[in-house]
Amino acid sequence: MKLVVLLSVGRHPVSGKPALPRTEAQAIRIAAELGASIGLHVGPDAFPAEAALGHGLDRAVHLACAGGPDPIGPLVARIATEAPDVVLAGRRGQGGEETGLAPYAVAARLGVPIVPDAVAIRPAGDGLVEVDQALPKGALRRLVVRTPLVVTVHPNAPAPLPYAFGKARRGSIERVDAAAADLAAVAPAPEERPYRKRPKMMRAAGGSAADRLKAVTGEATAGGAKILDGPTPEDAAKEVLAFLRRVGVLAPAGAGATGPTA
Amino acid sequence: MTRPRRDPRAERAAARTAGAERPRYDLGAKASASRRPRRDPRTEAASQRVPGAARLRLDRSQFGVVPVLAAHAPERPAEKAPPKPVIVENPDFLVLVAPDMAGGRLGEHDRQLFGAARELAGKTGATFALVGAASPDLGPAGADRIAIAARDPDAYDPDGRAAEIVAAMRALDPRHVLFAESADGGDLARRVAVLTGEPLFADAEQVSASALGRPARCRKVEQRSAPTRLVTVAADCVASYAGAPREARLETVELSTDRTGAAGAIVSARLIPADPATVPLALADFVVSAGNGVTDLDLFARVVAALGATPGASRVLCDAGLMPRDRQVGASGTVLGATCYFALGIAGAPQHLQGVADCEHIVAVNTDLHAAMIARAGLGIIQDAQLVMPAILKELERERGDRP
Ligand SMILES: Cc1cc2nc3c(=O)[nH]c(=O)nc-3n(C[C@H](O)[C@H](O)[C@H](O)COP(=O)(O)OP(=O)(O)OC[C@H]3O[C@@H](n4cnc5c(N)ncnc54)[C@H](O)[C@@H]3O)c2cc1C
């Protein structure tokens, strides 16, 4: 399988120094385990390409251009000539605008589907790949998708391989000047000001301390309770199971296994 | 430092009210003529009074508020009347809302989304929700109009959903389109942004009719702009709508989509739920928890497995080393996001209840009728947990046995 990983210049969230965004390093790990993969970066400096080699790629392409232009044009042009099966990208940028639109724009320009938030990719034979997509609450969605496609990587994917200096030295970076025809100016950023932390939103707080305590323990929302005083254990069990089925956390009776032991 | 000398005689003469035969003095008027306004403790206390409480209660944080003397009468009966829905007959503009509605239910983030939409719509605009299935919660959440999408809400077809929203945008010409910045909502918003070629204001943390704000560059700066057309709203940043319920009038919208390009690339989609036995407590959907009232923990473990739930515990059991620390529910343990919580032999200390504040449904088994956990529960059972647990196992066993 042939893969391309899109690389960007990120900022370390604490120190603010240039760093490869973590999700892109995770994407490199997924790609390197799947097959021949190259990194692709558009921008003035080759730093992300070098970092990508250290994190596990053998080859990276640096499409050099001056200033900070819109990278989509050169990326799409180069991906079209490489014709990979899977294009991997981070979920959101880190240290820039952080809108997460670039992978979608690339997919739309290439006319291929995009699958967001992947944690694992496996080949599924004959122009198909199986992608595990992370969902809230620890669930997964397992998709079988036709290649070629664009996949963005979720932070829950396997941790990136550590940076290895020797590996970074051995890999090769191909430096090409981006074609001027592909470059477009980015839309101007909106007005910016220093970030100000705002107070966390609270549940509706009442006037008194007792009301606020009720709000934080959830007692204010309790109501319509059904209390059974001293039922036989059998009745109690029936009531509990019926309640759990009504709220939908327990499979209905006779609907098959409910738990690992069933 | 010299102060001008007061002349009481002249002051008194100035305060004399004209016309009366006997000399009369309005000394109150004189006092207000001085530079500092005179405090009136009585009206201040009245304005600080918490309305509705049976006992006199003053909220001292309310300082210098206009007195609301009318609030003194007990207002309970007036509040009980069901509020009339607010109707916007001819809205000046529409705010299209695309809630996630996972499982057909309106989540907390969806409600905040409607709060943001109402903020943008103001008095003259209307919010228009494009949902997979109607829900009675939509009106109280702040939806003026709703339309039901034709698509199967359970199928995974993000491109189809994006195309439908673009069709709705073409038919309704909304001023704003709002999405939740969640896994599915954020994905949908970016697809719509690419399809329409319009800029997306992603992850908005402040929403008002005049400006939107979002963090950028690793939360070092915040970007502000006038409200754009496509917006995604971050979780827990905007208050949900708290006003009178809205009309939620059902409308039909032409949602014909011309599906081209990458459609149909997804061959199959299968949902794999998290394994309840190993999922971290914070992510679990159904937690069964043991407290100091549970003595047989092997039995407890079997009940948890049979119910297909995630095990939890109160601090007493974790401190005693009977349950691992990562299973502790509460203020100093894990705050749950579960739908349902089943507490066995737990008293319901405030520190414990803080951990289950977000749980929608609570079942409690306790020998004490007056335990706080029973007061918080939707179903409370006053019985020995050691007897109820085997009964639950037996009941599940019997149900399985009943099946042919
Ligand atoms: C700073 C601080 C932080 C804390 N943080 C946490 C926290 O994060 N999480 C937490 O859980 N606690 C926390 N606690 C401890 C908390 O205050 C309580 O002590 C603890 O929750 C009590 O646990 P319990 O309900 O299991 O035990 P108990 O208070 O002993 O209650 C046992 C209950 O079981 C009932 N019972 C007894 N026998 C049976 C039976 N056979 N069948 C059925 N019911 C029976 C009793 O009626 C009683 O209601 C904290 C305390 C402090 C000071």
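Every value quoted in this text rests on a predicted model; they were computed, and no experiment measured them. Note on naming: letters A, B, ... go to the chains in the order of the sequence lines (proteins, then strands), and numbering restarts at 1 for each one.
- If you tally non-hydrogen atom pairs under 4.5 Å between each of Glu191(A), Arg141(A), Arg196(A), Glu97(A) and chain B, the highest count goes to Arg141(A).
- Between chain B and the residues Glu234(A), His12(A), Glu239(A), Arg92(A), the most heavy-atom pairs under 4.5 angstrom are made by Arg92(A).
- Within the 4.5 Å cutoff, side-chain heavy atoms of Ile392(B) are placed close to those of Phe342(B).
- Residues Val9(A) and Asp45(A) are in side-chain contact: their nearest non-hydrogen atoms beyond the backbone lie under 4.5 Å apart.
- For chain B, the option among Lys238(A), Gln94(A), Arg109(A) with the highest count of heavy-atom pairs below 4.5 Å is Lys238(A).
- Comment: Glu192(A) does not engage Arg224(B) in a salt bridge, judged by the lack of any side-chain N to carboxylate O separation of less than 4.0 angstrom.
- Comparing Gly96(A), Ala108(A), Pro13(A) by how many heavy-atom pairs each has under 4.5 Å with chain B, the most go to Gly96(A).
- Remark: side-chain polar atoms of Arg190(B) are paired, donor with acceptor, to backbone N or O of Thr99(A) under 3.5 angstrom.
- Heavy-atom distances place the side chain of Pro136(A), and not its backbone, under 4.5 Å from chain B.
- Both the backbone and the side chain of Ile374(B) come within contact range of chain A, each with at least one heavy atom under 4.5 Å from a heavy atom of that chain.
- Using a 4.5 Å cut-off between heavy atoms, Asp117(A) touches chain B through its side chain atoms alone.
- In this structure, no portion of Glu130(A) lies under 4.5 Å from any heavy atom of chain B.
- With a 4.5 Å cut-off on non-hydrogen atoms, Ala193(B) touches chain A through its side chain but not through its backbone.
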Dump the intermediate steps for salt bridge (Lys or Arg N to Asp or Glu O under 4.0 Å) on Glu360(B) and Arg105(B), then the final yes or no.
CA-CA 12 Å; Glu360(B) 206 174 318; Arg105(B) 291 200 352 253; 3.2 Å; yes
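- If you measure heavy-atom distances from Gln383(B) to chain A, the contacts under 4.5 Å come from the side chain alone.
- Using the six-membered ring where Trp is involved, His361(B) and Phe243(A) have ring planes that are perpendicular, over 60° apart on the 30 and 60° scheme.
- In terms of heavy-atom pairs under 4.5 Å with chain B, the best-connected choice from Val145(A), Asp235(A), Thr147(A) is Val145(A).
- Between chain B and the options Lys197(A), Arg91(A), Gln133(A), His154(A), the largest number of non-hydrogen pairs under 4.5 Å is found for Gln133(A).
- Gln48(B) CD to Leu58(B) CG: the interatomic distance, rounded to the nearest 0.5 Å, is 6.0 Å.
- Checked by atom type, the side-chain pair Tyr195(A)/Glu205(B) shows a donor-acceptor distance below 3.5 Å.
- Salt bridge annotation for Asp85(A)-Lys2(A): absent, with no cationic side-chain nitrogen under 4.0 angstrom from a carboxylate oxygen.
- Neither the backbone nor the side chain of Leu149(A) comes within contact range of chain B; no heavy atoms are under 4.5 Å apart.
- With respect to Arg398(B) and Glu395(B), a salt bridge is recorded, a charged nitrogen being found less than 4.0 Å from a carboxylate O.
- In terms of heavy-atom pairs under 4.5 angstrom with chain A, the leader among Leu195(B), Thr232(B), Thr367(B), Asp285(B) is Asp285(B).
- Using a 4.5 Å cut-off between heavy atoms, Leu241(A) touches chain B through its side chain atoms alone.
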